[in-house]
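As the structure is a prediction and not an experimental result, all values here were calculated from the model. In what follows, chains are A, B, ... by sequence order, proteins preceding strands, each numbered from 1.
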Number of protein chains: 2
Amino acid sequence: MRADARKNYSHLLAVARDIVTEHGVDASMRDIARRADVGLATLLRHFPTREALFEALMCTNLDALAQKADELETSNSPDEALVSWFREGVAFVHSYRGVVDLIASAHADPDSALFASCATVHAVGARLLLRAQAEGTARADMNGDDLFALMSALGWLEGQPAFAPRADHLFHVIASAILTNPSKRVD
Amino acid sequence: MRADARKNYSHLLAVARDIVTEHGVDASMRDIARRADVGLATLLRHFPTREALFEALMCTNLDALAQKADELETSNSPDEALVSWFREGVAFVHSYRGVVDLIASAHADPDSALFASCATVHAVGARLLLRAQAEGTARADMNGDDLFALMSALGWLEGQPAFAPRADHLFHVIASAILTNPSKRVD
DNA sequence: ACCTGAACACCGTTCAAGT
DNA sequence: ACCTGAACACCGTTCAAGT
């Protein structure tokens, strides 16, 4: 990458982080370019899609989440590791307001720039879930998809001002459901 | 209302139902007006906001949901009534793809055209929850907000193609959590 | 190589002018 | 009363032209 291009790249990323933090996932690409004193087409050259921009914005968070899994796996019991990581995962899918919708659709779209990140999170979560299931502390009728889905649902709740105040409590409700072997069937 | 206005109203509603069923909550208002052979401004006269349009689209669903609560309350045990109605509630908040986001934000915005509908659903749900709690079959540390939030989260999951296949199973997971008195605390 | 302005086809809002 | 076309300020996409 040429020197001026590299400078544009990191500057755009910094500006985008600010604007996206403030306006959420629907922030105007034009606004970002404008605030960065760069042509809109230049922004689109570096990040051809909104997904590509968010992939770049969240890649450090992603690495941290994967590393956290390693730490938890070696120093905690399987059930504690699962729930602690689950909490981090909820925060990750809600890195920015509304981004969980992008993640949810990228999760099923191999062409999305966010697909690889989703797959990583999915795989790491599935590993921790399996470990807790082997121990018998996590309910056996769940798989990696379910974990990812519940993580996303909680991330979505956090993004809704109406629900955010109860999100922490609902995390406990759902986490306890994951750690409960179903004794009775509900219809 | 004048005769021609009434005709426009019901025709617009029918067309809107089709387009919204196909394209979800982000359907273009212009498209709806176009397909109805009516000026865009005429559509906006009848439904000044997107919320107003969806309020009209879902008002019959809303009545049905409230009536369902009455039926369940008189003919079922409190826990069965709660879970059955909860299932209907999830379907309601997901009447159209993406509309749950509109509902979630309307829930906290008294100025929204959907606020009254949200309040109704909230109140009905809280009543059924309270009844099951009094009986001791629903966990005591939940309130009407929590029920509405979980309903919305499940409705959101159903709207995501990546998660929809597991939504039914996750309904069971969450429903069983609601009907479980928490024995141990999870962190 | 990389950047840029401009043209394009869209969106919802608003309102003066019509019937 | 009710409807309408048009002007407006926005959006993301695309590309020919610049450095």
Nearest-nucleotide comparison on DNA chain C, the residue closer to the 5′ end among A:Thr42 and A:Arg30: A:Thr42
Any chain of hydrophobic side-chain contacts (each under 4.5 Å) joining B:Val173 to B:Trp156? no
Measure the distance from OH on B:Tyr9 to P on D:dC3 and round it to the nearest whole Å. 13 Å
In the structure shown, which nucleotide is the Watson-Crick or G-U wobble counterpart of C:dC10, with both distances under 3.5 Å? none
What is the distance, to the nearest angstrom, from the CG atom on A:Leu53 to the C1' atom on D:dG12? 14 Å
Checking salt bridge (charged side-chain N to carboxylate O under 4.0 Å, His left out) for the pair A:Asp63/A:Lys68: CA distance, chi angles, key distance, verdict? CA-CA 9 Å; A:Asp63 292 343; A:Lys68 184 79 182 176; over 6 Å; no
Can A:Leu72 be reached from A:Leu179 by stepping across I, L, V, M, F, W or Y side chains whose heavy atoms are under 4.5 Å apart? yes
Any side-chain N or O of B:Ser28 under 4.0 Å from OP1/OP2 of C:dC10? no
Mind calculating the distance between CD1 (B:Ile19) and P (C:dC11) to the nearest angstrom? 11 Å
Interatomic distance, A:Lys7 NZ vs C:dC3 C1' [rounded to whole Å]: 13 Å
Euclidean distance, atom CZ of residue A:Phe47 to atom C1' of D:dT13 [Å, nearest integer]: 18 Å
Distance test, side-chain N/O of A:Arg34 to OP1/OP2 of C:dT4, below 4.0 Å: no
Partner of D:dC15 by Watson-Crick or G-U wobble geometry, both contacts under 3.5 Å, or none? C:dG5
Is the phosphate of D:dC2 approached by B:His46 (side-chain N or O, under 4.0 Å from OP1 or OP2)? no
C:dC3 OP1/OP2 closer than 4.0 Å to side-chain N/O of A:Arg6: no
Is there a side-chain contact between B:Thr42 and B:Asn8, using heavy atoms and a 4.5 Å cut-off? yes
Between A:Asn8 and C:dC2, is there a side-chain N or O to OP1/OP2 distance below 4.0 Å? no
Taking CG from B:Leu40 and P from D:dC8, how many angstroms apart are they, rounded to a whole number? 17 Å
Sugar-phosphate, base or nothing in reach of A:Arg50, heavy atoms under 4.0 Å: sugar-phosphate
Using a heavy-atom cut-off of 4.0 Å across all strands, would you classify B:Ala41 as base, sugar-phosphate, or nothing? base
Applying salt bridge (charged side-chain N to carboxylate O under 4.0 Å, His left out), run through A:Arg34 and A:Asp31 and close with a yes or a no. CA-CA 5 Å; A:Arg34 206 145 35 200; A:Asp31 258 8; 2.8 Å; yes
Distance in angstrom units between A:Leu44 CG and C:dC2 C1', rounded: 14 Å
When the distance from CG of A:Asp26 to P of C:dC11 is rounded to whole Å, what number comes out? 16 Å
